[in-house]
Structures are given as structure tokens and as C-alpha cells.
Number of protein chains: 2
Amino acid sequence: MPTVSSEELATAAGVNSAKLRKDFSYLGSYGTRGVGYDVEYLVYQISRELGLTQDWPVVIVGIGNLGAALANYGGFASRGFRVAALIDADPAMAGKPVAGLPVRHTDELEAIISDNGVSIGVIATPAGAAQQVCDRLVAAGVTSILNFAPTVLSVPEGVDVRKVDLSIELQILAFHEQRKAGEDSPSPAAPAAAARSGAGVRSSASRKGPDGDVPAVMPA
Amino acid sequence: MPTVSSEELATAAGVNSAKLRKDFSYLGSYGTRGVGYDVEYLVYQISRELGLTQDWPVVIVGIGNLGAALANYGGFASRGFRVAALIDADPAMAGKPVAGLPVRHTDELEAIISDNGVSIGVIATPAGAAQQVCDRLVAAGVTSILNFAPTVLSVPEGVDVRKVDLSIELQILAFHEQRKAGEDSPSPAAPAAAARSGAGVRSSASRKGPDGDVPAVMPA
DNA sequence: ATGCCTTTGTGAACGCGTGCACAAAGATGG
DNA sequence: CCATCTTTGTGCACGCGTTCACAAAGGCAT
Ligand SMILES: NC(=O)c1ccc[n+]([C@@H]2O[C@H](COP(=O)([O-])OP(=O)(O)OC[C@H]3O[C@@H](n4cnc5c(N)ncnc54)[C@H](O)[C@@H]3O)[C@@H](O)[C@H]2O)c1
Ligand SMILES: NC(=O)c1ccc[n+]([C@@H]2O[C@H](COP(=O)([O-])OP(=O)(O)OC[C@H]3O[C@@H](n4cnc5c(N)ncnc54)[C@H](O)[C@@H]3O)[C@@H](O)[C@H]2O)c1
């Protein structure tokens, strides 16, 4: 029976072994003292706890550069996610196949969500359309949203939103990069914690950019 | 002079106003009591602290579906980042223009990094090539990496890596989704903190998938 | 069966980020 | 010039996650 110790796993993952054991203990402690964890059983337990034993239908809204790349990405299917439909507002795209699936028009959004029991939606539209799309998804029954548009979405309680903002990722890297360069005294005691916040800071009078995309943090 | 109070900003960002003030205090506290913060000056200070006053040349390695989408993304330029070059290993792509830039072959990687003073690199290659690409980037002088390949990169001290793993984002959503559904007793005291870790858990004997992409968490 | 060795599971202490609450500072109006 | 009002800057305490450290448990060899 193939087993792994918490120490091996911790080293591989780059975390503390005690933390890993404590985390595992929350799902029922199925290790054997003196031996470790049964790999197969452990994987099953974690998969089950994470909700990976069922497969989740997801819809991708906004089939542009990014949306198409996501649709073509094989990593979803292998992790228990199934792309139920690709949705775009552009009538010219309707019916056109992307990654083997025909693009559906936004008009069908509610029906698609409902028919497929979709509870997870991916938004890859321009920022200007994101909130509107979000509202429709939520109204149709979606309760989890992965947002790629650079906007803070407001949703009713009970709906989870995760935001992926590539610009912010780069900004965080640039922040640390700058620190490496100026090794003298760029704000002595700043705990770098501020760099972790995903929330964008805007003035109360801020406006969106010309194309409704990427709210500018800098004035010019 | 347009100003904002910490309370306004905090509400907009969805955070506590005290936290926001304390964060600002790390960069020198330039607010005026009874009034608030001068918007323009505050934006400048934050931009400077974040390293946004200079523009950072970046290279994107792996111009496939995702890499091309990134190259076409306008959000980088507007935040102070400049795509210095697009790099791919496929000889057929060399010279072909993507988003207005000619794709350069991997052979030129070191020269490109050096000539442009690039310190930030984006990896969008298949997972199997990521570590190798990473090593070359680092050897050439890159000290910050944004990694889209589903692999944990190992880098020498002093090099920052940020990983964007879309599958994990979806898994986190699915995890919470599952909780909403089974409202009875799915592991009573699990603090949901485990879902935040970005580290992938693999058995010590794990192998990559057939195409060297997406290390499978589940056995089958 | 007994003793030894390995590794788990977890109580307790530590460290750190977050939020509260308030004194000090400055603007504003009389 | 003084009173009052608003908002900052921050000391302090609370809560939570992380880490240490170790007793208990189980395997394994003798
Ligand atoms: N391309 C990237 O690498 C990248 C990176 C980070 C963030 N983003 C963000 O992701 C979003 C999409 O980026 P992109 O490069 O794919 O843009 P894109 O312009 O190529 O694609 C946008 C797509 O959304 C569709 N669309 C517009 N309004 C819609 C609506 N109301 N309902 C449904 N579909 C609608 C358009 O028809 C188009 O196909 C943008 O918000 C962008 O800021 C993109
Ligand atoms: N497409 C997505 O939405 C998506 C989402 C999440 C993660 N990812 C990850 O991003 C990576 C790229 O995804 P993709 O869909 O663009 O794949 P892709 O196959 O379309 O593109 C990969 C590109 O990398 C190039 N490449 C291969 N080896 C290279 C090397 N050694 N040096 C330089 N270039 C090399 C290939 O020529 C190809 O152009 C993968 O690791 C994938 O798992 C993609």
C-alpha cells in the first residue's frame, strides 16, 4: 500500500508539516501512526471534501481572446469541471464553434443556466459589461463567479466571487521588484501586507476608461 | 482641491476604514485631519510606492492560446507595463506578428532579457516546459515571474514567483458551492482555511499527465 | 509478547493582522 | 481668537492561523 508521510507532503508543498497534519485532521484524520497516509484514500477524501467527485457544469461568458483561450484549456475537464456552454453577445459569433462548442447568444443565457443546472459562471467580457452579465447570471441561479474583468462586482449575499486580475499580479511583482532595486530606505517599516489586498483603490469621483475597461489607478 | 476621506475609500473598497488609514500611514501619512486625503497626491504616493511611476518591460514566453490573449490584452500598458517581447519555442511562429509584435524564438531569450533590461517574465508554456523556461529566465536576469502553468516552480532565493492557477480558482468556488448545497454537516469544524492554500498536494510518487500538463490531483 | 522506532494528532504558546476607540490636529465659522 | 466639528493617526486588545512540542498509537523486528 503506497503511503506518504506528512513530512514528505509538507516538503513538496513548501509548508509546515504540523500545519498540514492539522489541516488533514479537519477532514477526519485517516493517517496511520508510524506509517503515514494511504495515498489513494487520502486523495479520495480530499477530492470529496473539495467537491471534486462530482463534476460541475460551468458557463463562460465573453468569448474573446481570453474566453476562447479558457474554452480551449484542457485543465478544466481534468479537474472535474465541464464547460456547459460558451456565451457571447456578438451576434456574428453565434453558432460559430470554439473549442468544439457552438457559441450561444446572450439571449439564451437564462435558459442555458437553468437547463444545465449551472451554478458556476466565468466572466471574460469587457469590464463595462461585467456587472450586467453578473446580475443576469445571479438572477438565473449562478451562485459562484470567477471574474476576469477588472471590476469589483457587487453581488447579493450567498454568492461567491473570485477575481483574477493579471494587472494586479504584475503590480505586486513590480512592487517587490522595486524593493530589491532600492535596497536603502523605501518606506522602512511597510509590512508589504498592503500588496496583498485585491481591492482596487479609486477616488470617489473616479471614472472608467474610454472603452469602459481597466479603471485607471493612475490619472494619466 | 478634491479630497477623499478614509471612510469613503473604505466603503468603496469594502474594507475597514481603520485598516485603510493604518495602511496609508506606512507610506508617510499625508492626510489632513478634518478633511481627508488629497486625491491627486495620494494617487501619486501610492503609485510611487507600488513602483508604477516607472514602466516595467516584461516578456511573455509561450505564445499559444493564453499567451496570445495576454499579448493582446491592453490592461498591461495602461498600468505601467510594456511588453518587450513575445517568445516561443515553435520555429513556425518565429517572426509571425502577434498583437503587433513579431514572435521571437527561444534561442534569443537571453539576449532579449539582457538588451531590454527585463526583470519580469510571464510563463504561459505547457507545464512540462515551465521549469526549464523559468531556469533560463532566471539565469538571464529575471527576478520576478508570473506563472500560468500548473506547476510549482523552484527558484533561487531572491526571485519572486506568483502563480495563477485557474483550476484552483474553480476548485475553491466548487468547494464553497458544495457547502451551500449540503447545509447539514459536511465536516463540521473545517475552517475553510485549507481552501486558500495555493500549494498543490501530490503524492511523492506522482507523475505528470500524458502531455506533461496539469498534474492530476485525482487518480482517474 | 515485548520493546523500539516512526509518525500521527493535538494542546498550548506565539505572532500577526484586524478592528476598536480615542486623543490630537486641523479646518471652519462666529 | 476661540469654540466646535470633522477626520486623521495610532495604542491597545482581540481573534485567528501557524508553529512547536510531545504524548499516544501503531508497525515491526526480535
Ligand atoms: N486577454 C487577456 O489576457 C486578459 C487579461 C486580463 C484580463 N482580461 C479581461 O478579460 C476580459 C476579456 O478580455 P479579452 O481580451 O478576451 O477581450 P475581447 O474584447 O477579446 O473579448 C470580449 C468578448 O466579450 C464579448 N461581450 C461583450 N459584451 C458582452 C456581454 N454583455 N455579454 C456577453 N459577451 C459580451 C465580446 O463580444 C467579445 O467577444 C476583459 O475585461 C479584460 O480586461 C483579459
Ligand atoms: N488556455 C488557458 O485558458 C489556460 C488556463 C490556465 C492555464 N493555462 C496554462 O497555460 C499554459 C499555456 O496554455 P495554452 O492554452 O496557451 O497552451 P498552448 O499549447 O496553446 O500554448 C503553449 C505555447 O507554448 C509554446 N512552448 C512550448 N514549449 C516551449 C518552450 N520550452 N519555450 C517557449 N515556448 C514554448 C508552444 O509552442 C505554444 O505556442 C499551459 O501550461 C496551460 O496549462 C492555460
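Only heavy atoms go into these numbers, but all of them, side chains included; no hydrogens, no water, no symmetry mates. Computed from a predicted model, the values in this text were never measured in an experiment. Letters go in sequence order (proteins before strands), and every chain restarts at 1.
If you take OH of A:Tyr26 and P of C:dG9, they are 13 Å apart, rounded to a whole angstrom. The distance from atom CG of A:Leu20 to atom C1' of D:dC20 is 16 Å, rounded to the nearest whole Å. In this entry the distance linking CZ of B:Arg21 with P of C:dC20 reads 11 Å, nearest Å. Summarising the geometry, the separation between CD on B:Glu8 and C1' on D:dT6 is reported as 12 Å, rounded to the nearest angstrom. Put simply, CG on A:Asp38 is 15 Å from C1' on C:dT8, counting in whole angstrom units. What separates CG of B:Leu27 from P of D:dT10 is a distance of 12 Å, to the nearest Å. If you measure from atom CG of A:Leu9 to atom P of C:dT8, you get 9 Å, rounded to the nearest angstrom. Rounding to whole angstrom units, CG of residue A:Asp23 and P of D:dT19 are separated by 10 Å.
Among residues two or more places apart in sequence or in another chain, the side chain to side chain donor-acceptor pair (under 3.5 Å) test is passed with A:Thr106 by none. Take A:Arg136 and apply the salt bridge (charged side-chain N to carboxylate O under 4.0 Å, His left out) test, not counting sequence neighbours, and it matches A:Glu110. Applying the side-chain contact (heavy atoms from CB on, under 4.5 Å) criterion to B:Asn116, with sequence neighbours excluded, gives B:Ala84, B:Ile112, B:Val118. Residues passing the salt bridge (charged side-chain N to carboxylate O under 4.0 Å, His left out) test with B:Glu7, sequence neighbours excluded: none. Applying the side chain to side chain donor-acceptor pair (under 3.5 Å) test to A:Gln132 and every residue at least two apart in sequence or in another chain returns nothing. Residues satisfying the side-chain contact (heavy atoms from CB on, under 4.5 Å) test with B:Asp135, not counting sequence neighbours, are B:Gln131. With sequence neighbours excluded, no residue forms a salt bridge (charged side-chain N to carboxylate O under 4.0 Å, His left out) with B:Asp38. Residues passing the side chain to side chain donor-acceptor pair (under 3.5 Å) test with A:Tyr41 are A:Gln45, sequence neighbours excluded.
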Distances under 3.5 Å between nitrogen or oxygen atoms of protein and nucleotides 14-16 of chain C:
none

So which protein nitrogen or oxygen atoms get under 3.5 Å of nucleotides 11-14 of chain D's nitrogens or oxygens?
from, atom 1, to, atom 2, distance (Å)
D:dG11, O6, B:Lys22, NZ, 3.3
D:dC12, N4, B:Lys22, NZ, 3.3

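Between A:Leu173 and B:Arg162, the shortest heavy-atom distance links the atoms CD2-CG, 3.8 Å.
OP1 or OP2 of C:dT8 sits under 4.0 Å from a side-chain N or O of A:Ser6. A:Lys19 has no side-chain polar atom (N or O) that falls below the 4.0 Å cut-off from OP1 or OP2 of D:dT19. For A:Tyr37 and C:dG9, the shortest distance from a side-chain N or O to OP1 or OP2 is below 4.0 Å.
Remark: side-chain polar atoms of A:Ser167 are paired, donor with acceptor, to backbone N or O of B:Gly75 under 3.5 angstrom.
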Nucleotide by nucleotide, 5' to 3', does protein get under 4.0 Å of the base (B), only the sugar-phosphate (S), or neither (-) in nucleotides 24-30 of chain C, counting heavy atoms?
-> BBSS---
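Using a 4.0 Å heavy-atom distance criterion, B:Ser17 is classed as making no nucleic acid contact.
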Using a 3.5 Å cut-off and no angle test, enumerate the donor-acceptor pairs between side-chain atoms of residues 54-68 of chain A and protein atoms at least two apart in sequence or in another chain.
from, atom 1, to, atom 2, distance (Å)
A:Trp56, NE1, A:Gly51, O, 2.7

